[in-house]
Amino acid sequence: MSASVWIILLNVFGVLIVTVVLAAILTWGERRLLGFWQDRPGPNRVGKFGTLQVFADMIKLFFKEDFTPKFADIPVFILAPTVVMATMLIAFAVVPISPNIGVTDLNIGLLFVLAMSSIAVYSVILGGYASNNKYALLGSLRAAAQTVSYEVFMGLSLMGVVMLSGSFNLREIVNAQAEGWFIVPQFLGFFIFFIAGIAESRRTPFDLPEAEHELTAGFHTEYSGMKFGMFFVGEYLAVILISALITTLFLGGWHGPILPPFIWFCLKTALLICLFILLRAAIPRPRYDQLMKFGWKVMLPLALLNLLATAGILLWTA
Amino acid sequence: MSGVIAKTIHTETPYRKSAESFIQELNTEYKLHSFWWQSHCDDMPTLWIEKHALIPLLLFLKRDIPQPFEMLYDLSAIDERLRVNRGDGTEKQPSSDFTLVYQLLSFTRNLFIRIKVALAENDLSAPTITKVWENANWYEREVWDLFGIDFPGHPHLQRIMMPLTWKGHPLRKDHHARATEVDPFSLSEEKERKEQEALLFRPEDWGMARANKDSEFMFLNLGPNHPSVHGVFRVALQLDGEQVVDAVPDIGYHHRGAEKMAERQAWHTYVPYTDRIDYLGGVMNNLPYVMALEQLAGIKVPERAQMIRVMMCEFFRISSHLVFFGTFAQDVGQMSPVFYMFIDREKLFGIVEAITGGRMHPAWFRIGGVAQDLPQGWDKMVREFLDYMPARLADYDGMVIKNKLLQRRTRGIGVYDTAEAFEWGVTGPGLRATGLDWDLRKKRPYCGYDQFEFEIPSYDGGDCFDRCRVRVDEIWQSLRIIRQCLENMPPGPYKSDHPLTTPPRKGRTMEDIETLIQHFVNNSWGPVIPAGEVCYPIEATKGLNSYQIISDGGTSSYRTRIRTPSFPHLQMIPLMTNGLLIADLIAIIASIDFVMADVDR
C-alpha cells in the first residue's frame with residue numbers, strides 16, 4: 001500500500017476515534033464544569049480530578065441490564081440510538097480540522113452536514129415512537145416539531161457564508177477566511193446558526209424533547225444500558241459537531257497567529273463547547289409553544305433578512 | 001398536692017372578647033335555628049347544631065351576614081365513643097358518637113368559628129357541603145375515608161388517604177393503631193391483582209370523556225414517581241396533545257397516620273412526629289402543637305423562650321423558602337440556582353445544628369419552652385449569617401426573578417383571585433399573592449410576634465410568578481425579624497416553671513418532694529394535660545397550620561387533628577391548570593410549594 005492510503009486511513013480512524021473519545025470525555029468535562037460554576041465539586045473521586053469517571057460510567061453502562069420493554073417496537077427500538085451516533089460521526093468526515101487533517105473534501109460539504117444532522121433527528125423520533133411510552137411519545141413529537149422549525153433557518157443562516165466564500169466546500173470556506181473571519185460580516189448569521197445549533201443538539205434551553213422536569217426523560221425514558229449510552233454520546237457528538245462547524249464557518253477554522261493551525265481549531269472548538277455548557281447552567285427552559293413562536297416569528301425573519309442584506313451588499317460591491 | 005397534677009386553667013386569650021360578642025350578635029340580631037354554645041372552648045366560638053340545620057347555617061354565615069365567613073378552614077371529625085370528659089352540668093356537650101367539626105374563618109372579622117354536628121353511630125351521614133365550599137370535597141372524602149361518615153350527594157365520595165382496597169376506617173377508636181395488633185401481612189397473587197386493579201385510573205369514574213369529536217384524549221399518569229411532583233404525588237391528566245383538558249390530583253401515597261399516632265404517643269413524645277409533617281418547616285411544626293398544649297395547661301412561656309422560638313421559626317421559614325425558590329427555578333428548567341440556595345441553606349443548618357443539635361427535624365420545642373438555652377457564641381453565628389445573606393438574595397434576584405425567560409414561563413400562569421382563594425381554602429403566600437396582605441403573625445400575633453417590626457409582602461397577580469415573589473420578599477422580612485431577635489434577646493429562663501412543663505427543670509428536684517414527683521411523672525408516663533379542646537393556628541411556611549387537640553385528661557391525646565395548608569392547595573390544581581400545557585402544570589405545581597408529608601400527614 002502506498003503512503004497516501006496510510007495517511008487517508010490515519011485520517012479516517014484518527015478523526016473517528018478522537019471524536020468518540022472526546023464525546024466520552026465531555027460527559028465528565030461537562031459535569032466538572034457545571035460543578036465549578038455551581039459551587040460544588042462535581043465528579044472528583046475516580047482518578048486524579050475524577051478523570052477516570054468516564055471509565056467508571058462506561059463500565060456501569062456496559063454492565064447494566066440492557067432492558068427492552070415488551071411493549072416496544074423492538075427492531076426500531078434498537079435501531080434508533082444507532083442512528084444518532086452514526087450520522088453524527090459521518091458528518092465529521094467533511095469537517096476540515098487543519099490544512100492537512102480531515103477525512104474528505106466534499107464539494108457540497110455544508111449540505112452534507114445539514115443532511116446528516118437532519119437524519120439524526122429520526123433517532124429521537126423513532127426512539128420515542130418505538131418506546132410505546134406516553135412521555136417518550138410526547139418527547140419525540142416535540143423533537144419533530146422543533147426540528148422542522150429550526151432546520152429551516154439553520155440552513156438559511158449559512159447562506160450568507162456560502163455567498164461570501166462562493167462555495168459549499170468547508171475547506172474552501174475556511175480558506176476564504178484567511179483575511180478575516182466571517183463572524184464579522186455575518187454576525188447575525190453566526191447568532192442564528194448558534195441558536196439553531198443548540199436546538200439541533202437538543203441542549204438546554206432547547207432540550208424540550210427530554211425536558212426531565214416535564215417528561216421525566218422524554219424520548220429516552222425507556223432506554224437503559226448502552227442504548228441509552230449511545231443517545232448520551234450522540235448528544236455530546238452533536239455538541240462537538242456544532243462547535244466545530246461554527247469554528248469552521250464563522251471563526252476562521254484553523255486560522256490564527258503563532259500557534260499551529262490544529263491547536264487553533266481545537267481551542268476555538270473547546271471554547272464553544274464550554275459556551276454550550278455554560279448556557280445549560282444559566283438559562284431556564286422556555287415553553288414548547290414559546291419556542292415555536294420564537295423560531296418562526298423571530299429567527300426565520302432574521303435569517304431571511306440576513307440573507308437579503310448579504311446578497312444586496314454583495315451585488316452592490318460586485 | 002393540688003399543684004402536682006394541674007387542672008385546666010383557662011388562660012384569657014385576646015380573641016375571647018370578639019368571639020363572645022359574635023355569639024351575642026348571632027343570638028340577638030340574627031334569628032337562627034337553635035344552636036348550643038360550647039362555652040369552655042377558649043380559642044374559638046364553638047356551636048353545636050342539628051345536622052338538618054347545618055347547610056342553612058353555613059350558607060347564612062358565608063353569604064348573608066355582613067363580614068361573612070369566607071373560608072372553610074378545616075373539616076374533620078371526632079370519634080367520641082370512648083370520651084369521658086365532655087363537660088359537666090350545663091356545660092355538658094350534646095350526646096354524640098361521632099362529631100363533625102367544621103371550622104370557618106372570617107378574614108374581615110379576623111375570627112375563627114367552629115361548628116359541630118353530632119351524629120349517632122347508627123346514622124353516620126351528614127349533608128354534603130361541597131355546594132357551599134369547593135374545598136369541602138377533599139375534606140369530606142377524608143372524613144369518609146378515616147371515619148366512615150357518609151355524605152350523600154358528594155360528587156365523588158371515595159377513599160383519599162388509604163388504599164381503595166382498605167378495610168375499616170383508621171381514625172375510629174376500634175381500628176388498630178399498629179400493624180402488630182393484627183395478623184401478619186401477606187400478599188397472595190389474588191390480592192396483588194386486586195391491589196393493582198384498584199390503582200388503575202378510569203377516566204369514566206371521574207366523568208371524563210375518552211374523546212371529543214375531533215380527537216382522542218391521552219391520559220397521562222404524572223407521578224407518583226416523577227421528578228417534578230415533589231414527593232409521591234400523582235396527577236392523572238386528560239391531555240389533548242400537550243394541552244391539559246382536565247386533571248385529577250391523587251394523594252395518599254405519603255399517609256403515615258400522624259393523627260392516629262398522636263392518640264398513642266404521650267403528649268411530649270409526639271413532638272418529634274410534628275417535625276415530620278411539613279418536613280421543610282422543622283421546629284415551625286412544633287410551635288402550633290406546643291402552644292395549643294400550653295394554652296390547655298395554662299402555661300405561660302417565658303419571654304426568652306418565646307423569642308428563641310420566633311428566631312428558630314424564622315430560620316426555618318427562610319430554609320423552606322430557599323428550597324422553594326431553588327426548586328421553582330429548577331422546575332422551569334433553570335439548573336443552577338438550587339445549588340447556590342442549598343449552600344445558603346447549609347449555612348443556615350449549621351446554625352440550627354449549633355443551637356438544637358439537629359438539622360431538618362430538631363424536635364426542639366418543649367411544652368413550656370425550648371429544650372436548651374442558646375449555646376455560647378450563637379449571636380456571632382447568627383450575625384454572620386445575617387450579614388452574608390442579603391448579597392446572596394440580591395444575586396438571586398438578578399438570576400431568577402429578573403430573568404425574562406422565567407417571567408415568560410410563570411407570569412399569567414396558574415392565576416386565581418382572592419375570592420377563589422377563599423373558596424378553595426388557600427392560605428399563606430398563595431393567598432398573599434392575590435393582593436390580600438393577610439398574615440396571621442400580624443392579624444393574630446402569637447408567641448410575641450406583635451413586638452417585632454416587619455412587613456407583609458403581597459402582590460396582585462395571583463400567578464406563579466407572584467407566588468414566588470411573595471416568598472422571596474418574606475425571606476427578607478424573616479431576616480429582619482431574626483436581626484431583631486439577635487439584638488433584643490431577653491435574659492431569663494428558657495423554659496417555664498409550670499409543673500406540666502416537659503421535661504421539667506431539674507433545679508429544685510432534690511430540694512422538695514413535689515417537684516421531684518412532678519419531674520418523675522413527667523419523665524416517665526408523661527404529663528397529664530387537663531381535659532379540654534384547643535386549636536392554635538399559626539402562619540407556617542406554607543400557610544395556616546394548626547393542631548386541634550382534644551385532651552380527655554390523660555397522658556396522651558384523645559384526638560389530634562392536624563390542619564395543614566398544603567392539603568387544600570393541591571385540591572385546586574385542576575382549576576389552575578385546565579386549558580394550559582404540561583410545562584405550565586409543572587410551573588404551577590412548583591409555585592404551590594407543598595411537601596407531600598404536609599398533605600397526607
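This is a predicted model, so every value here is computed, not measured. Just so we're on the same page: letters track the sequence lines, and every chain starts at 1.
Both the backbone and the side chain of B:Leu222 come within contact range of chain A, judged by heavy atoms closer than 4.5 Å. Of the atoms belonging to B:Leu237, not a single heavy atom falls under 4.5 Å from chain A. For B:Ile343, the part lying near chain A is the side chain, with the backbone staying farther off; criterion is any non-hydrogen pair under 4.5 Å. Within the 4.5 angstrom heavy-atom criterion, only side-chain atoms of B:Asn403, from C-beta onward, approach chain A. Of the two parts of A:Leu34, only the side chain, counted from C-beta on, holds a non-hydrogen atom closer than 4.5 Å to a non-hydrogen atom of chain B. For A:Arg280, the parts lying near chain B are the backbone and the side chain together; criterion is any non-hydrogen pair under 4.5 Å.
Of the inter-residue distances, the one linking B:Tyr340 atom OH with A:Asp39 atom CG reads 6.0 Å to the nearest 0.5 angstrom. Expressed to the nearest 0.5 Å, how far NZ of B:Lys404 lies from CD1 of A:Ile283 amounts to 14.0 Å. The distance from the CD1 atom of B:Ile582 to the CG atom of A:Leu138 is 5.0 Å, given to the nearest 0.5 Å. For the atom pair OG1 of B:Thr410 and CZ of A:Arg287, the computed distance is 10.5 Å after rounding to the nearest 0.5 Å. Here A:Gln290 contributes atom CD and B:Arg408 contributes atom CZ; the two are 7.0 Å apart, rounded to the nearest 0.5 Å.
By the neighbour-count criterion of 12 heavy atoms within 6.0 Å, atom CD of B:Glu204 is densely surrounded, having more than that number from other residues, nucleotides or ligands. In this structure, A:Phe49 places its CZ atom where only 12 or fewer heavy-atom neighbours from other residues, nucleotides or ligands lie under 6.0 Å away. Atom OH of A:Tyr122 has 12 or fewer neighbouring heavy atoms from other residues, nucleotides or ligands inside a 6.0 Å radius. For B:Arg202, the CZ atom sits in a packed shell: over 12 heavy atoms of surrounding residues, nucleotides or ligands are nearer than 6.0 Å. Applying the 6.0 Å contact sphere to CZ of A:Phe71 captures more than 12 heavy atoms from other residues, nucleotides or ligands. Around the CZ atom of B:Phe201, the shell of radius 6.0 Å holds more than 12 heavy atoms that belong to other residues, nucleotides or ligands.
Here the side chain of B:Gln334 pairs a donor or acceptor atom with the backbone of A:Ala282 at under 3.5 angstrom. A donor-acceptor pair under 3.5 Å links the side-chain atoms of B:Ser336 to the main chain of A:Ala281, judged by distance alone. Between the side chain of A:Lys134 and the main chain of B:Met218, no donor-acceptor pair closer than 3.5 Å is present. Judged by distance alone, with hydrogens and angles left aside, the side-chain atoms of B:Arg409 form a donor-acceptor pair with the main-chain N or O of A:Arg285 at under 3.5 Å.
The two atoms that bring B:Leu405 and A:Pro286 nearest to each other are CD2-CB, 3.7 Å, heavy atoms only. Shown here for A:Tyr135 and B:Asn221, the closest heavy-atom pair between the two residues is OH-O, 3.2 Å. Across A:Pro284 and B:Val332, no two heavy atoms sit closer than the pair CB-O, 3.5 Å.
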